[in-house]
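Keep in mind it's a predicted model, so treat the numbers as computed, not measured. Throughout, protein chains are lettered first and strands after them, A, B, ... in sequence-line order, and every chain is numbered starting at 1. Below, all heavy atoms of this structure are taken into account, side chains as well, without hydrogens, waters or symmetry copies.
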Amino acid sequence: MSQETQVVQEPQAVQVHPHVVAVERILAKVLRIGSIFAGAMLAVGIVAMLATGGTTWSVWLITAGLITLLATPVMRVLVAAIVFVHERDWLYALFCLVVLCALAAGVKFGMVG
Amino acid sequence: MITTTLILFPIAIAAGIMGAILGLGGGIIIVPCLTLIFHVPMRTAVAASTVSIIATSTGAAVAYLNDKLTNIRVAMWLEMGTAAGATTGALAAGWMSQRVLFILFGVLLGYSGYNMLKTRGKDRDRPVTPDRMSRRLRLAGAYHDLALAKEVEYQVTHSIPALVIMYFSGIAAGLLGIGAGIFKVPAMDQVMGMPFKASTATSNFMIGVTAASGAVVYFARGDVQPLVAGPVVLGVLVGALIGARLMVRMKAATVRRMFIPLILYTAVVMIYKGVAR
């Protein structure tokens, strides 16, 4: 019986490269910690702002929370790039690079415009 | 101040839930809400909305990771088109007619909304024959569907037309400040033949990436006002965590049925803006 259940569960583990699983786990952790951290800073900042009427440190805390959140999508692209390099999938590593460059270009043009 | 925050918070949570389920940024809810109800200046509202797109994206991602709903390869392939389009849009802002673009994209959205309406209810199992490019790029994927309690494997087709559509939707986003997710979901669902849930999850990833460069610009310009953006973003983040957990358990047909009224509404609003201006 127990052997049968093991056989049923197996297909999920196939196909995926061990490195990928590790990096995805890191990514999951980064995202989770990032969003909890950002959410906590925002919550404390907002409560402090409402209680004290907008002191500098409460505004600073909210801003820090927003910036933490802002960094997460870029982190995801970076981690994806690391995965592709690990897989020696140079084409997709290049795609990630193109996306990162386009983001940088967007910031540059946005500042001018 | 306290009442504003208290009213804003539940609206932001609702926007986050909707955004996470449907793969949208929720700008069509947040921007009118901030400007019309709370009389926040347009620039501040758009800046808050842009940061909250990232909140939707990240909040939803936390829930999706275990189900492998997000197709990172498709996301990276299409994101090149969107990013290039957004840059073109920013450069071409001076000499392109906004009126024509609004009508054009409105009609396009209306058409894909009509197509979704026609195929509604069908949790389609139609076979997709992958094109050469998608085989070469290995765009096919698989995810674990909690509603069906099984692994769903899928193929992807029309990868180059979809990239071209993404380029133009990127231009629309850069010029008109709209179209974060509302173009991406139909492009993946209808053009590429991806399952609807994989489409909204992948769209969710992409909108966060697209919004990142815009958000940096708004931050640098000082348009992101912590007192406005803070409550909105926190609410959207909480909403996205809830919405994504709901979405993984929903049937694809249900998610699609929720998407249809929103896409038709956006189509009408855009055509109206083009005609009335």
To the nearest 0.5 Å, how far apart are CZ in Arg76(A) and OG1 in Thr58(B)?
6.5 Å
Leu234(B), part contacting chain A, at a heavy-atom distance under 4.5 Å:
both
For the candidates Ser213(B), Gly208(B), Ala61(B), which exhibits the highest count of non-hydrogen atom pairs separated by less than 4.5 Å from chain A?
Ser213(B)
For Ser159(B), the side-chain contact (heavy atoms from CB on, under 4.5 Å) test, sequence neighbours excluded, returns Trp77(B), Asp131(B), Met133(B), Ser134(B), Leu139(B), Met192(B)
Just how far is it from atom CE of Met76(B) to atom CG of Leu91(A), taken to the nearest 0.5 Å?
13.0 Å
Check each atom of Leu241(B) against the heavy atoms of chain A and say whether the ones under 4.5 Å are side chain, backbone, both or neither.
neither
Which atoms of Val238(B) come close to chain A, meaning under 4.5 Å heavy atom to heavy atom: side chain ones, backbone ones, both, or neither?
neither
Report the distance from atom OH of Tyr92(A) to atom CD1 of Ile72(B), rounding to the nearest 0.5 Å.
11.0 Å
Tell me, for Leu70(A) versus chain B, whether the close heavy atoms (under 4.5 Å) come from the side chain, the backbone, both or neither.
both
Measuring only between side-chain heavy atoms, which start at C-beta, is Asp89(A) closer than 4.5 Å to Arg138(B)?
yes
Applying side-chain contact (heavy atoms from CB on, under 4.5 Å), can you list everything that pairs with Tyr167(B), at least two apart in sequence or on another chain?
Ala84(B), Thr88(B), Ile171(B)
Against chain A, label Phe205(B) side chain, backbone, both or neither, depending on which of its atoms sit under 4.5 Å from a heavy atom there.
both
Ile46(A)/Phe9(B) under side chain to side chain contact (heavy atoms under 4.5 Å, CB included): CA gap, chis, key distance, verdict:
CA-CA 11 Å; Ile46(A) 290 165; Phe9(B) 203 59; 5.6 Å; no
Euclidean distance, Met80(B) CE relative to Cys96(A) SG, rounded to 0.5 Å
9.5 Å
Measure the CG-CG distance between Leu227(B) and Leu50(A) for me, rounded to the nearest 0.5 Å.
9.5 Å
The interface call for Ala215(B) against chain A, heavy-atom contacts under 4.5 Å, is both
Nearest 0.5 Å please: distance from the OG atom of Ser52(B) over to the CG atom of Leu69(A).
9.5 Å
Do other residues, nucleotides or ligands put more than 12 heavy atoms under 6.0 Å from Tyr143(B) OH?
yes
What part of Leu103(A) is in contact with chain B, defined as an atom under 4.5 angstrom from a non-hydrogen atom: side chain, backbone, both or neither?
both
Please classify the contact of Val77(A) with chain B as side chain, backbone, both or neither, using a heavy-atom distance under 4.5 Å.
both
